[in-house]
Amino acid sequence: MPAVPSITIQEALTDIEQQFWLDEQALKDISRRFQELFHYGLANHGAEMAMIPTFVTGVPDGTETGTYLALDLGGTNLRVCEINLDGKGGFTMKQEKYKVSDALKRGPAKDLFDYMARSVDTFLTDYGTSSSDDELLMGFTFSFPVEQTAIDKGTLIHWTKGFDCPDAPGKDVVKLLQDALDRKHIKVRVNALVNDTVGALLARGYQTSGALLGAIFGTGTNGAYLEDITKVKKLNLPSGGPSHMVINTEWGGMDDERKVLPVTIFDNYVDRKSIRQRNHVFEKMISGMYLGEVARAVLTHLMDHLVLFKGFSSELFNTMYAFDTAYMSAIEADEEPASSPNCATRKVLIETMKVPAEHVSDEDVETVRKVCRIVGTRAARLSAVAVAAVLDHTGNAQSKSTDDQGANVGVDGSVIEFYPHFEERLREALRILLGEQGEKRVKIGLAKDGSGVGAALGALQAFKQEQSGHRVEI
Ligand code: ADP
Ligand code: MG
């Protein structure tokens, strides 16, 4: 006997749509909460949305010139780059990737940092340098949690992403790198430590003569913006120094208390099975690492109600994180009729997710598309809130003069780059939050490779700060 569903697919979808929809009031409430938490994080150490001072006190405007190195230690690769800035917002770049073995990731810190220094040496030998300076300046993109006390000083808090050199936490990673370079007598000085979000801001600033916000929508989500230094209350800096500082918001941790975020049971499901439960809920509703998993939670719920695939699943659909966010992109880009043999959604379901073809009806294809649209739209609208909240907080939500240059936002990450309609949906929510005119001024552009160019610009910025006596240290 075929089981009889207790609800119709339309009823189920309407219910899900309502749970995921952010209306005008919700958008505005979340934006207000964002701004409250900006203030809180700027005044208090250890906030969930951490508002980390980066000690970068300005953003490039594109007139900068020179040759800088960048070293990027990400998840799997180590990358060395040399960047030549042409002073007109353009640059050329040479780069090479070096593999980091598991042994290095888990051995003594000295071995890892010696390897990094050796890679810089190899790079300089293989590619030469176009700089004639005695000493090359290098920016270091280190995508792990650090406690920064100056633009070139930061203590590793703990490792993530499979790294675990036991003697590194608690040490200054810039010093570890500099010591390794010095041991090899390499004439490179590491003068800036930056993360990818700050890199995106600096890169976009250089490319468009100034930027207000750098934002990442990739594996995770985060934003960095230029703040009035008097508002960074927790630093307690003496007056007379620089007027601004870039703040790394760590907005993934916005409203972990869930005062305004409309968290659904599907989000709770994803959260309770995640590594850090109850942490970074906002990020889990937005970013590439989690979107597919939220969609999978909704789709399996529909299977459990017997309104999708006649109640059948597949081993992959039952597997955590098996429904990648990139599949949602493919599904949302698919405009073929559900019955067409070229229908990409059908292919993802049958060929990739291994749902038996006889269980996939045309209506199921439409259902899956709709679920992806619902989950993806919420992500884009929440992303808009983050952007609007920063612009509002910094007094940049509306035009301030007749020769208004607009509000430049540099973005990076696979979700904003590849997810269909993401920016369009983000803009729709921006129109609600900032008004028609406010939204039009927002210029969103890819700050591609913020971790390479951004690190080089970090080195440049640090050098400028040294020269002008604007070094800030706590
Ligand atoms: P990272 O954040 O490590 O710098 P990316 O910006 O490439 O890297 O983001 C990787 C994340 O983006 C992964 O979670 C992946 O699932 C997701 N992703 C990869 N390709 C796509 C795509 N085409 N559309 C949407 N998301 C994608
Ligand atoms: Mg990235």
Side-chain angles (χ1 to χ4, degrees), residues 70-79 81 95 97 100 139-145 159-163 194-204 214-224 248 250-252 270 274-275 280 282-297 316 319-334 344-345 347-348 352-353 368-369 371-380 382-383 386 410-426 444-455 458:
L71 185 74
D72 176 13
L73 183 68
T76 37
N77 285 309
L78 174 72
R79 198 158 58 109
C81 322
Q95 61 166 324
K97 283 183 179 166
V100 182
F140 184 20
T141 305
F142 185 74
S143 308
F144 303 91
W159 288 110
T160 54
K161 297 187 270 194
F163 279 71
V194 297
N195 79 357
D196 54 354
T197 312
V198 176
L201 173 67
L202 299 181
R204 178 74 177 160
I216 303 290
F217 302 102
T219 307
T221 182
N222 191 9
N248 165 16
E250 294 290 343
W251 71 34
V270 172
S274 66
I275 294 171
H280 278 215
F282 183 70
E283 178 163 77
K284 287 170 185 160
M285 297 166 100
I286 291 184
S287 73
M289 174 150 179
Y290 301 101
L291 281 187
E293 184 63 359
V294 175
R296 192 185 69 85
L316 278 170
T319 306
M320 279 173 66
Y321 294 95
F323 190 67
D324 198 290
T325 305
Y327 305 163
M328 294 174 71
S329 277
I331 289 168
E332 287 231 48
D334 174 30
T345 307
K347 282 190 180 150
V348 169
T352 313
M353 295 304 291
V368 172
R369 282 178 179 161
V371 167
C372 291
R373 192 164 72 231
I374 290 170
V375 174
T377 300
R378 187 185 65 168
L382 284 173
S383 303
V411 293
D412 192 11
S414 286
V415 173
I416 187 96
E417 191 175 359
F418 301 120
Y419 198 105
H421 316 300
F422 197 86
E423 185 176 333
E424 176 192 315
R425 293 167 183 169
L426 186 157
I444 299 173
L446 268 190
K448 265 200 90 94
D449 201 17
S451 55
V453 184

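One-based numbering, in listed order, for ligands and for the atoms of each.
Considering backbone and side-chain N/O atoms, Met289 comes within less than 3.5 Å of an N/O atom of ligand 1.
Nearest protein heavy-atom contact of atom 23 (N) of ligand 1 is Phe418 CB, 3.3 Å. Taking atom 21 (C) of ligand 1 as the reference point, the nearest protein heavy-atom neighbour is Ala326 CB, 3.6 Å. Among all non-hydrogen protein atoms, the one lying nearest atom 15 (C) of ligand 1 is Asp324 OD1, 3.9 Å. Among protein heavy atoms, the minimum distance from atom 26 (N) of ligand 1 is reached at Thr325 CG2, 3.6 Å. The closest protein non-hydrogen atom to atom 7 (O) of ligand 1 is Ser414 OG, 2.6 Å.
Side-chain contact check for Lys347 versus Asp334: every heavy-atom pair is 4.5 Å or farther apart. Inter-residue side-chain proximity for Ile444 and Leu426 is flagged as met; some heavy-atom pair is nearer than 4.5 Å. Annotation: side chain of Asp196 is not in contact with side chain of Asp412 (no heavy-atom distance under 4.5 Å). Here the side chains of Arg425 and Tyr419 are in contact, with some heavy-atom distance below 4.5 Å. Side-chain atoms of Asn195 and Asn222, non-hydrogen and from C-beta on, do get closer than 4.5 Å to each other.
Among Leu291, Thr219, Ile216, Asn222, the residue whose heavy atom lies closest to atom 3 (O) of ligand 1 is Thr219. Closest to atom 22 (C) of ligand 1 by heavy atom, among Gly288, Ser329, Gly376, Gly220, is Ser329.
Residue Gly413 has at least one heavy-atom neighbour below 4.0 Å for each of these atoms of ligand 1: 6 (O). Ligand-side atoms of ligand 1 in range of Gly218: 2 (O), 6 (O), 9 (O), 11 (C), range being under 4.0 angstrom from any heavy atom.
Put simply, the residue from Ile416, Thr197, Val411, Val415 that forms a side chain to side chain contact (heavy atoms under 4.5 Å, CB included) with Ile216 is Thr197.
Interatomic distance, CZ of Phe163 versus CZ of Phe144, reported as 4.5 Å (0.5 Å rounding).
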